[in-house]
Amino acid sequence: MRHFCKIAGNIDVIPSLRELAVNSHLWNQNPLRTTHPNSPHTQVDDIWLWFNKLQQDVATTIDDIQTYPYPAWQNLLGLRGIVLDLIRRVDGVQLGRCMVTRMRPGATITPHKDEGTPATFYTRYQIVLQNLPGSLFTIGDETVSFQSGDIWWINNRETHSVINNSGEDRLVCIVDIKSA
């Protein structure tokens with residue numbers, strides 16, 4: 001595979017799922033990705049753990065290398081531990097954007113290429129918290145159905161899309177890391 005690489009498997013994500021259930025108030029506190037004009041992410045919900053400071057000019061936000069912790073970083077301690085383990089695993093030196101996304105059954109992320117710093121400076125990983133058969137991630141001519149508890153590198157510089165044809169929410173933590 002050229003656009004996907006499994007980094008780890010069988011991660012215990014149950015504590016993180018519990019934390020998400022207890023902290024449901026964190027969803028969509030920051031709607032930039034889901035409400036921005038022409039966003040491919042209009043059918044997802046987000047929780048930001050680390051993100052850029054929001055600027056008046058959205059283009060400045062997109063190209064900002066520096067990220068900062070958001071309140072969810074303090075609430076989702078189990079997930080924070082998984083993220084920190086991933087940073088160590090890939091010899092990371094800087095954490096970029098880190099967010100949990102939720103796709104309801106039937107939702108899609110339309111085909112797009114990521115641009116700006118998230119694609120040019122950082123490497124993108126996905127920690128799969130919940131993904132059932134029928135939820136498909138496509139990059140180029142490759143399609144993968146992730147397993148809950150897996151961590152994947154994905155090539156977000158190429159055209160990609162996601163469709164959740166399963167009967168449950170798809171939950172992933174997107175993590176951008178700059179490696180040494």
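These figures come from a predicted structure and were not determined experimentally.
- Each of Met99 and Trp50 belongs to its own hydrophobic cluster when Ile, Leu, Val, Met, Phe, Trp and Tyr are linked at side-chain heavy-atom distances under 4.5 angstrom.
- Side-chain atoms of Arg170 do not come within 3.5 Å of backbone N or O of Met103 as any donor-acceptor pair.
- For His112, the side chain to side chain donor-acceptor pair (under 3.5 Å) partners at least two apart in sequence or on another chain are Asp114, His160.
- In the model, Arg97 has a side-chain atom that pairs as donor or acceptor with a side-chain atom of Asn52 under 3.5 Å.
- Between atom CD of residue Glu142 and atom CZ of residue Arg2 there is a gap of 5.0 Å, rounded to the nearest 0.5 Å.
- Put simply, CD1 on Ile82 and CG on Leu77 are 11.5 Å apart, with the number rounded to the nearest 0.5 Å.
- Applying the side-chain hydrogen bond (donor to acceptor under 3.5 Å, both in side chains) definition to pairs two or more places apart or across chains, those involving residues 16-26 are Asn23-Asn75.
- The closest side-chain heavy-atom distance from Leu76 to Leu20 is below 4.5 Å.
- Taking all atoms of both residues into account, the shortest heavy-atom contact from Leu84 to Trp73 is CD2-CZ2, 4.3 Å.
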Using atom types as modelled, flag every donor-acceptor pair under 3.5 Å from a side chain in residues 145-152 to any protein atom, sequence neighbours excluded.
residue, atom, partner, partner atom, Å
Ser145, OG, Ser135, O, 3.3
Ser148, OG, Asn131, N, 3.0

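- For the residue pair Gln29 / Tyr70, no side-chain donor-acceptor distance below 3.5 Å is found, with atom types taken as modelled.
- Linking Ile, Leu, Val, Met, Phe, Trp and Tyr residues whenever their side-chain heavy atoms come within less than 4.5 Å places Leu49 and Ile87 in a single cluster.
- Ile163 belongs to a hydrophobic cluster with Leu136, counting contacts under 4.5 Å between side-chain heavy atoms of Ile, Leu, Val, Met, Phe, Trp and Tyr, direct or through other members.
- Put simply, the side chain of Asp12 gets close to the backbone of Ile14: a donor and an acceptor are under 3.5 Å apart.
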Can Phe4 and Asn155 be said to form a side chain to side chain contact (heavy atoms under 4.5 Å, CB included), step by step? CA-CA 7 Å; Phe4 297 94; Asn155 183 358; over 6 Å; no
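- Between Lys178 and Tyr122, the shortest heavy-atom distance links the atoms N-CD2, 3.4 Å.
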Which pairs would a plain distance check flag for residues 37-48, meaning a side-chain donor or acceptor within less than 3.5 Å of a matching protein atom at least two apart in sequence or in another chain?
residue, atom, partner, partner atom, Å
Ser39, OG, Arg33, O, 2.4
Ser39, OG, His41, N, 3.0
His41, NE2, Arg33, NH1, 3.4
Gln43, OE1, Thr108, N, 3.0
Asp45, OD1, Asn28, ND2, 2.8
Asp45, OD2, Arg102, NE, 3.0
Asp45, OD2, Arg102, NH2, 3.2
Asp46, OD1, Arg33, NH2, 3.1
Asp46, OD2, Arg33, NE, 2.8

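- Rounding to the nearest 0.5 angstrom, the gap separating the CZ atom in Arg80 from the CG atom in Leu95 is 11.5 Å.
- Scanning all heavy atoms of the two residues, the minimum distance from Leu17 to Leu129 falls at CD1-O, 3.7 Å.
- Taking SG of Cys173 as the start and CD1 of Ile11 as the end, the distance is 12.5 Å to the nearest 0.5 Å.
- A donor-acceptor pair under 3.5 Å is absent between the side-chain atoms of Arg124 and the main chain of Ile177, judged by distance alone.
- Judged purely by atom type and a 3.5 angstrom limit, Gln130 uses its side chain to pair as donor or acceptor with the backbone of Asp169.
- Linking Ile, Leu, Val, Met, Phe, Trp and Tyr residues whenever their side-chain heavy atoms come within less than 4.5 Å places Val100 and Val175 in a single cluster.
- Thr67 contributes atom OG1, which lies 8.5 Å from atom CG of Asp176 (distance to the nearest 0.5 angstrom).
- Both Ile154 and Ile109 belong to a common hydrophobic cluster when Ile, Leu, Val, Met, Phe, Trp and Tyr are linked at side-chain heavy-atom distances under 4.5 angstrom.
- In this structure, the side chain of Asp85 does not engage the main chain of Arg89 through any donor-acceptor pair within 3.5 Å.
- For Thr138 and Ser161, the side-chain atoms include no donor-acceptor pair closer than 3.5 Å.
- Annotation: side chain of Gln94 is in contact with side chain of Ile65 (closest heavy-atom distance under 4.5 Å).
- Distance check: His3 NE2 to Thr143 OG1 gives 10.5 Å after rounding to the nearest 0.5 Å.
- Every residue was checked against the salt bridge (charged side-chain N to carboxylate O under 4.0 Å, His left out) condition with Asp91, not counting sequence neighbours, and none meets it.
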Yes or no on side chain to side chain contact (heavy atoms under 4.5 Å, CB included) for Phe137 and Gln126, after CA distance, side-chain angles and deciding distance? CA-CA 11 Å; Phe137 196 127; Gln126 290 203 358; 3.4 Å; yes
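- Cluster annotation: Ile127 is connected to Tyr125 through the hydrophobic network of ILVMFWY side chains, with a link wherever side-chain heavy atoms come within less than 4.5 Å.
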